[in-house]
A.B. asks: 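Structure in structure tokens, see below.
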Amino acid sequence: MLVTEKCPVPEPGPTEVLLQMHSVGICGSDVHYWQHGRIGDFVLTKPMVLGHEASGRVVKVGSAVKHLKVGDRVAIEPGVPREMDEFFKSGRYNLSPTIFFCATPPDDGNLCRYYKHSANFCYKLPDNVTFEEGALIEPLSVGIHACRRAGVTLGSTVLICGAGPIGLVSLIVAKAMGASQVVVTDLSPERLKMAKELGADFQLTVKRGEEPQQLAKSVAELLGAQPHITIECTGAESSIQTAIYATRSGGVVVLVGLGSEMATVPLVNAAVREVDIRGVFRYCNTWPMAIAMLSSGKVNVKPLVTHRFPLEQAVQAFETTRQGVGIKVMLKCDRNDQNP
């Protein structure tokens with residue numbers, strides 16, 4: 001059940017800031033918790049505030065915070081390590097088992113009017129980057145992390161399976177990182193139209209029940225050769241199969257989409273062709289790069305926002321996302337400033 005309720009305004013600790021929230025995007029995971037109460041091992045046992053794609057304005061600063069001041073506009077990185085473990089020390093803090101993460105049980109998210117967060121994980125936005133772009137840094141970060149894990153570089157050819165928000169940000173980032181040709185696949189012609197507008201060189205409409213090997217062949221025909229890299233953003237078993245068959249020998253498959261725990265895939269095909277299969281879990285060390293990309297104009301995420309709702313209409317906004325209408329639904333949390 002999804003409800004809105006009044007909560008007290010939190011008091012920031014010495015290393016925290018209190019934010020007046022401005023823009024919060026709705027993610028598929030928010031909808032999944034609402035509908036199913038769990039994602040994998042993360043199970044809801046009590047009510048939880050949703051929201052983790054967010055930006056806001058600093059209204060109060062903790063006593064030890066030096067780099068932010070009242071009035072600063074910031075983007076929020078929702079994952080904050082709780083301890084200095086081996087993953088923190090090696091720079092892969094996203095893998096820390098005890099990490100705090102907005103809107104992942106038992107941690108509350110930031111879909112509210114006022115929210116406190118670790119100041120070290122709030123990043124000041126340049127004047128030419130909007131609040132909505134600040135909120136979109138979270139999904140953009142998934143694309144950055146996926147492309148880094150995949151090794152996208154100048155001249156790479158890339159297949160992206162799925163043209164939802166994550167597939168589209170992966171496309172945007174891959175092109176910005178120098179990918180020469182990108183093919184995007186999806187069941188929805190409307191989403192593929194958006195992929196084309198965002199720079200996809202080829203779009204391939206998938207038909208339900210289509211054989212993965214046949215689909216892989218179609219990708220190679222479009223590119224003139226198999227892609228160096230495949231970024232799988234659906235989690236669907238058949239799509240993972242396509243990703244492996246489609247990727248060039250010696251290439252890389254990155255699994256971004258989350259599906260069922262067990263999947264039947266052509267592992268021997270990947271093994272004998274030395275196709276590396278790499279996982280992605282959220283992101284780390286991406287906010288500074290994302291802000292630089294947005295501020296310099298190297299990437300444009302504005303077209304991703306297709307719907308906007310005031311916080312009071314949160315249920316309607318979630319229903320819009322659940323139905324798969326548009327691309328990204330944005331909730332506006334500041335009564336006095338509903339602008340992008």
Side-chain angles (χ1 to χ4, degrees), residues 1-13 15-19 21 23-56 75-88 92-118 120-122 135 137-139 141-142 145 164-166 233-235 255-262 279-284 286-287 311 314-315 317-322 328-331 333:
M1 188 171 68
L2 196 63
V3 295
T4 53
E5 58 180 50
K6 283 198 187 315
C7 297
V9 175
E11 188 63 32
T15 60
E16 296 175 324
V17 287
L18 177 65
L19 304 171
M21 300 305 295
S23 296
V24 182
I26 300 177
C27 173
S29 67
D30 292 317
V31 174
H32 202 86
Y33 280 124
W34 167 39
Q35 294 291 304
H36 304 284
R38 69 180 297 160
I39 294 177
D41 295 334
F42 299 104
V43 183
L44 275 171
T45 55
K46 61 181 177 59
M48 178 181 78
V49 179
L50 292 167
H52 60 268
E53 305 177 359
S55 62
I76 301 164
E77 179 172 0
V80 181
R82 284 189 167 98
E83 56 187 303
M84 210 177 287
D85 58 14
E86 59 174 305
F87 301 106
F88 183 100
R92 300 181 73 179
Y93 55 86
N94 57 311
L95 302 178
S96 174
T98 58
I99 194 169
F100 165 91
F101 198 90
C102 293
T104 296
D107 303 326
D108 279 331
N110 46 32
L111 184 48
C112 44
R113 300 248 186 247
Y114 292 93
Y115 170 74
K116 68 173 182 178
H117 198 69
S118 166
N120 284 327
F121 289 80
C122 293
I137 289 173
E138 197 279 340
S141 286
V142 178
H145 191 57
I166 296 303
C233 302
T234 72
L255 303 178
V256 186
L258 298 175
S260 54
E261 189 180 357
M262 292 293 176
V280 158
F281 187 65
R282 298 171 181 160
Y283 34 66
C284 57
T286 54
W287 258 252
L311 184 58
V315 176
F318 271 82
E319 192 55 44
T320 302
T321 304
R322 188 184 70 79
K328 182 57 69 178
V329 176
M330 198 64 71
L331 278 156
C333 302

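It should be emphasised that the depicted structure is a prediction, and the values quoted were computed from it without experimental measurement. The first residue of the sequence shown is numbered 1, and numbering continues consecutively from there.
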A.B. asks: Could you check if a side-chain atom of Thr286 sits within less than 4.5 angstrom of a side-chain atom of Ile137, using non-hydrogen atoms only?
C.D. replies: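 Sidechains of Ile137 and Thr286: no contact.
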A.B. asks: Begin from the C-alpha positions of Leu311 and Leu111 and carry the test side chain to side chain contact (heavy atoms under 4.5 Å, CB included) through to its verdict.
C.D. replies: CA-CA 8 Å; Leu311 184 58; Leu111 184 48; 3.7 Å; yes
A.B. asks: Heavy atoms only: give me the nearest Met48-Pro105 pair and the separation to one decimal.
C.D. replies: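 For Met48 and Pro105, the tightest heavy-atom pair comes out as SD-N, 3.6 Å.
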A.B. asks: Do Pro139 and Ile166 make a side-chain contact, defined as non-hydrogen atoms from C-beta onward lying under 4.5 Å apart?
C.D. replies: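 Heavy-atom side-chain distance check passes, below 4.5 Å.
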A.B. asks: Can you tell me how the ring of Phe121 sits relative to the ring of Tyr93, calling it parallel under 30°, perpendicular over 60° and tilted otherwise?
C.D. replies: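 Ring orientation, 0 to 90° scale: perpendicular.
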A.B. asks: Just checking Leu44: does its CG atom have more than 12 heavy atoms from other residues, nucleotides or ligands closer to it than 6.0 angstrom?
C.D. replies: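 Result for CG/Leu44: enclosed.
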A.B. asks: Compare every heavy atom of Glu53 with every heavy atom of Asn110, then report the nearest pair and how far apart it is.
C.D. replies: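 Looking at all heavy atoms of both residues, the shortest contact is OD1-N, 4.5 Å.
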A.B. asks: State, yes or no, whether a side-chain contact exists between Val256 and Val142 at a heavy-atom distance under 4.5 Å.
C.D. replies: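 They are in side-chain contact.
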A.B. asks: Could you report the tightest heavy-atom contact between Leu331 and Ala317, atom names first, then the distance?
C.D. replies: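 Closest approach of Leu331 to Ala317, heavy atoms only: CD2-CB, 3.8 Å.
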A.B. asks: As an exercise, state the distance from CH2 of Trp34 to CZ of Arg322, rounded to the nearest 0.5 Å.
C.D. replies: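 The CH2 atom of Trp34 sits 5.5 Å away from the CZ atom of Arg322.
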A.B. asks: At their closest point, which heavy atom of Met21 faces which heavy atom of Ser55, and how far apart are they?
C.D. replies: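 So the minimum-distance heavy-atom pair works out to CE-O, 3.7 Å.
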A.B. asks: Any heavy-atom pair between the side chains of Val24 and Cys333 that's under 4.5 Å?
C.D. replies: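 Heavy-atom side-chain distance check passes, below 4.5 Å.
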A.B. asks: For a quick test of reading the model, state the closest non-hydrogen atom pair linking Val80 to Ser118 and the distance between them.
C.D. replies: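 Nearest heavy atoms, Val80 then Ser118: CG1-CB, 3.9 Å.
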A.B. asks: To the nearest 0.5 Å, what is the distance between NZ on Lys116 and OG1 on Thr15?
C.D. replies: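 Separation between the atoms: 9.5 Å.
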A.B. asks: To the closest 0.5 Å, what do you measure between CG (Leu19) and CD1 (Ile76)?
C.D. replies: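 Reported to 0.5 Å precision, the distance equals 5.0 Å.
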A.B. asks: Taking the side chain as C-beta and beyond, is there a heavy-atom pair between Phe87 and Pro81 under 4.5 Å?
C.D. replies: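 A side-chain contact under 4.5 Å is absent here.
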A.B. asks: With rounding to the nearest 0.5 angstrom, report the OH to SG distance, Tyr115 to Cys7.
C.D. replies: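 Tyr115 OH to Cys7 SG: 13.0 Å, rounded to 0.5 Å.
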A.B. asks: Applying side chain to side chain contact (heavy atoms under 4.5 Å, CB included) to His52 and Ser29, what does each step give before you reach the verdict?
C.D. replies: CA-CA 10 Å; His52 60 268; Ser29 67; 3.2 Å; yes
A.B. asks: Quick one: side-chain contact (heavy atoms from CB on, under 4.5 Å) partners of Asn94, sequence neighbours excluded?
C.D. replies: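 Testing Asn94 for side-chain contact (heavy atoms from CB on, under 4.5 Å), a comparison that skips the adjacent residues, returns Arg92, His145, Phe281, Cys284.
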A.B. asks: Between Thr104 and Phe100, is there a donor-acceptor pair closer than 3.5 Å when you use the side chain of the first and the backbone of the second?
C.D. replies: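 Between the backbone of Phe100 and the side chain of Thr104 there is no qualifying donor-acceptor contact (under 3.5 Å).
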A.B. asks: If the plane angle is over 60° it's perpendicular, under 30° parallel, otherwise tilted; pick one for Trp287 and Tyr283.
C.D. replies: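 Answer is perpendicular, since the angle exceeds 60°.
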A.B. asks: Looking at side-chain heavy atoms only, is the closest gap between Leu50 and Phe318 below 4.5 Å?
C.D. replies: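 Yes, their side chains come closer than 4.5 Å.
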A.B. asks: Does the His117 side chain pair with the main chain of Glu77, one donor and one acceptor, at a distance under 3.5 Å?
C.D. replies: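 Flag set: sc His117 to bb Glu77 pair under 3.5 Å.
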A.B. asks: Could you tell me whether the side chain of Arg82 reaches within less than 4.5 Å of the side chain of Ser96, counting heavy atoms only?
C.D. replies: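 The answer is no, as the side chains (C-beta and beyond) never meet within the 4.5 Å cut-off.
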A.B. asks: So how far is it from His32 NE2 to Ile39 CD1, rounded to the nearest 0.5 Å?
C.D. replies: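 If we round to the nearest 0.5 Å, His32:NE2 and Ile39:CD1 are 5.5 Å apart.
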A.B. asks: Give me the atom names and distance for the closest heavy-atom approach of Ala135 to Ser23.
C.D. replies: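 Closest approach of Ala135 to Ser23: CB-O, 3.6 Å.
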A.B. asks: Are any side-chain N or O atoms of Lys328 and backbone N or O atoms of Ile26, one a donor and one an acceptor, separated by less than 3.5 Å?
C.D. replies: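 At least one qualifying donor-acceptor pair exists.
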A.B. asks: Just checking Gln35: does its CD atom have more than 12 heavy atoms from other residues, nucleotides or ligands closer to it than 6.0 angstrom?
C.D. replies: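 For Gln35, atom CD is crowded (more than 12 foreign heavy atoms under 6.0 Å).
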